[in-house]
Amino acid sequence: MPLHPEIAKFLAALPAPPQGPLDPAALRAGDEAHVAPLAERLPLHSVEDVAARTASGEVPVRIYTPAEADRYGVIVYFHGGAFFLGVHGHADIRVSGHLTSLLADT
């Protein structure tokens, strides 16, 4: 199946990957450099880590509750990636929390 032309254009514009072995610490630092510090992000009422029980076992879930809202919707965000840049368990809140807190506030 061919790529959509817009996706192909986007991928072609990306810089080439670095040569040699990857440095996870440098990649993490690069990710952190692109997001606002925790103190400058949108205020949230709460961030709660819970476990959802399933037939296959428990699944870790992080619930973001906006600071001001009359009602709440649900967005299910599945983080996927190379699985070597984040921290064990929940995704690193310093980096991925930026995106998920923005989603909670929309």
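Along the sequence shown, the residues carry numbers beginning at 1.
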Could you list the residues that satisfy salt bridge (Lys or Arg N to Asp or Glu O under 4.0 Å) with E48, not counting sequence neighbours? none
Sequence neighbours excluded, the answer for side chain to side chain contact (heavy atoms under 4.5 Å, CB included) partners of S46 is T65
Run the side-chain contact (heavy atoms from CB on, under 4.5 Å) test on V50 and I63 for me, step by step, so that the C-alpha distance in whole Å, both residues' side-chain angles and the decisive distance to 0.1 Å come before the verdict. CA-CA 8 Å; V50 298; I63 301 172; 3.8 Å; yes
Co-members of the apolar cluster containing L11 [side chain, <4.5 Å]: L3, I7, F10, L14
